[in-house]
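Have a look at the structure below, then the notes.
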Amino acid sequence: MLRAAEILENEKQQFGKLMTIEMGKTIKAAVSEAEKCAWVCRYYAENAQQHLADQMVDTNARQSYVRFQPVGPVLAVMPWNFPFWQVFRFAAPALMAGNVGLLKHASNVPQCALAIEEIFRRAGFPEGAFQTLLIGSDKVESVLKDPRVVAATLTGSEPAGSSVASIAGKRIKKTVLELGGSDPFIVMPSANLNEAITTAVKARTINNGQSCIAAKRFIVAAEVYQQFEEKFVAEMKALRIGDPLEESTEIGPLATSQIVDDLEKQVQQAVAEGGRVLTGGKRLNRPGNFYEPTVLVDVDPSAPVSCEEIFGPVAMLFRVNSIDEAIRLANATPFGLGSAAWTNDAAEQERFINELEAGAVFINGMVASDPRLPFGGVKHSGYGRELAEFGIREFVNIKTVWIGESKVATDDTE
Ligand code: NAP
């Protein structure tokens, strides 16, 4: 696993370029994605032994403990938006736990899928320990039906998650689902406004807006709303759009023309629900799947589009009059992946931590994944966790071991 980390670090420019060419993320982001993959490999290389060490438990037994054992081949169905990171954050813990990884990657990133298989091969993993299956989604069922495949993890949309989980459920195979999000980003009056705004723009436009944990709904206290709106719009307008292979580009093209079509429909829907476009609001008149960074206000918060996942650089702003209203609006979505709240008031921080319905709450920061912290959602954002010790324990047999004193002739008690 350390050797895989070295390969990723040494060749991050080539891997970065591959990601950019296949799905359009900026080269800067792609190269740092390769670095992050090296980080997760190192993290599990260094910590797996401790995460999976026997855990002694005091009972009436002479000795009892929990042992973690591998379960076997696990199928990973992965999305294109972080074509390396999504795979490595599954593969590093799964392989360190002694499992086999089978990757069905998104159909638009086959070269990334093959490059990842090659990294593990070159790193010296046994033949077949990590395999890329170049198959369409219609073939997932037949792989999952195979008795040798014991579990599955899917990162992607709700329909895909629901389909894979039902196929697996019918055969009593465990699943982990990492699905979509409509993360709130809340700004209260005591926040450092300038910092909050700059972070908000980054949180919305990261990966050209195509991230499950991108902030999608900006919920701002009335006292600071006007200032927030003005500066947020100005910063969205100032983003440098261009060729994703240029170092200075901040917003590249979206991954497919279908995503631009979907985005266009959602923005039209938002406008039909009372929304006003403050900047952007249309595709760019240039070759490639470019959509302008867009800010919408006045969208009816009860309209479905206000809390759907919007996968592109489109932000919606909402003005609220109290923390109660902020929390109510933040939770008014079927999703529950990440959430961010900006406030320097300790009592408010505590309320957000307790009351936001999400797998993560970031106070005075933007939601991000980190190998040391668990990652996952609640509600329609899925179940199970990746990363940290929680991630490596998803695909292991948590075996209870109970050792009693045995005399020569024993009673047959259960
Ligand atoms: P997607 O259409 O669901 O595709 C994801 C993967 O599932 C692809 O490999 C796809 O294969 C496969 N797939 C699609 N339908 C399937 C089905 N019925 N049965 C089996 N496999 C199926 O999602 P996407 O558009 O690529 O990715 C964006 C979504 O992923 C967003 O909703 C985003 O929020 C979510 N996401 C979540 C996380 C998280 O950690 N929670 C992270 C990143 C992204 P094909 O490409 O061959 O169709």
Side-chain angles (χ1 to χ4, degrees), residues 22-25 33 36 40 75-90 102-110 112-113 116 132-145 149 152-170 175-183 206-216 254-263 266 289 307-312 333-339 358-360 367-371 373-387 390-391 394:
E22 278 203 315
M23 52 67 68
K25 73 169 59 206
E33 183 168 334
K36 195 166 176 180
V40 80
L75 172 67
V77 182
M78 290 290 152
W80 46 265
N81 59 345
F82 293 92
F84 268 53
W85 171 239
Q86 298 293 351
V87 177
F88 276 92
R89 77 185 194 185
F90 150 74
L102 302 172
L103 170 66
K104 180 269 176 277
H105 216 329
S107 300
N108 54 331
V109 287
C112 288
I116 295 167
T132 283
L133 313 175
L134 289 175
I135 54 172
S137 55
D138 56 331
K139 296 287 187 300
V140 166
E141 180 164 12
S142 61
V143 176
L144 252 180
K145 272 181 174 167
V149 177
T153 180
L154 179 139
T155 301
S157 60
E158 270 181 279
S162 158
S163 163
V164 165
S166 24
I167 296 164
K170 258 189 222 152
T175 47
V176 165
L177 298 182
E178 298 285 357
L179 309 179
S182 179
D183 287 8
I206 187 166
N207 210 30
N208 303 334
Q210 304 159 116
S211 167
C212 53
I213 48 168
K216 287 160 191 148
L254 299 174
T256 64
S257 59
Q258 181 65 48
I259 298 172
V260 184
D261 293 345
D262 292 346
L263 212 51
Q266 283 177 304
N289 303 315
C307 60
E308 278 173 3
E309 180 166 53
I310 296 189
F311 230 52
T333 166
F335 295 110
L337 194 54
S339 59
V367 182
S369 56
D370 178 322
L373 292 168
F375 185 98
V378 295
K379 296 159 77 177
H380 284 209
S381 292
Y383 50 75
R385 290 293 178 267
E386 291 188 299
L387 302 177
F390 300 91
E394 287 287 0

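Since the model is a prediction, treat every value here as computed from it, not as a measurement. Counting convention: from 1, in listed order, for ligands and their atoms alike. Heavy-atom basis, side chains included; hydrogens, waters and symmetry copies ignored.
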_Straight-line distance of S182 OG to L337 CG, nearest 0.5 Å_ =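 That separation rounds to 10.0 Å.
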Which atoms of ligand 1 have any heavy atom of [X] under 4.0 Å away?
X	value
L337	41 (N)
W80	24 (P), 25 (O), 26 (O), 27 (O)
V77	6 (C), 7 (O), 9 (O), 12 (C), 21 (N)
K104	9 (O), 11 (O), 45 (P), 47 (O)
H105	9 (O)
N81	43 (C), 44 (C)
Q86	42 (C), 43 (C)
G180	32 (O), 34 (O)

*Contact summary for A214 and G209, nearest pair of heavy atoms*: CB-O, 4.5 Å
*For atom 2 (O) of ligand 1, state which one of S381, G376, A214, S157 supplies the nearest heavy atom.*
S157
*Count the heavy atoms belonging to other residues, nucleotides or ligands that lie under 6.0 Å from CZ of F390, then report whether that count exceeds 12.*
no
*F82 and side chain to side chain contact (heavy atoms under 4.5 Å, CB included): which partner among R89, E33, M23?*
E33
*Option passing side chain to side chain contact (heavy atoms under 4.5 Å, CB included) with F335 (candidates K216, E158, E308, K379)*: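 The side chain to side chain contact (heavy atoms under 4.5 Å, CB included) with F335 is passed solely by E158 among K216, E158, E308, K379.
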_Determine whether any protein heavy atom is located less than 4.0 Å from atom 45 (P) of ligand 1._
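Neighbour list for atom 45 (P) of ligand 1 includes protein heavy atoms (cut-off 4.0 Å).
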Considering only heavy atoms, does [X] approach ligand 1 within less than 4.0 Å through its side chain, its backbone, both, or neither?
X	value
F82	neither
S163	side chain
V164	side chain
T155	both
M78	backbone
M23	neither
E386	neither

_Assess whether a salt bridge exists between E394 and R385, defined as any Lys/Arg side-chain N lying under 4.0 Å from an Asp/Glu carboxylate O._
no
Counting N and O atoms only, with roles assigned by atom type, does the side chain of [X] sit under 3.5 Å from a partner on the main chain of [Y], one being a donor and the other an acceptor?
X	Y	result
H105	T132	no
Q210	F311	no
E22	C112	yes

*Of all the non-hydrogen atoms in the protein, which one sits nearest to atom 36 (N) of ligand 1, and at what distance?*
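Checked against all protein heavy atoms, atom 36 (N) of ligand 1 sits closest to C212 CB, 3.5 Å.
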*For atom 35 (C) of ligand 1, the protein heavy atom that lies nearest, with its residue and separation*: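 Looking at atom 35 (C) of ligand 1, the protein heavy atom closest to it is G156 O, 3.3 Å.
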*Decide whether the shortest distance between a heavy atom of K216 and an atom of ligand 1 is less than 4.0 Å.*
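No, K216 has no heavy atoms under 4.0 Å from ligand 1.
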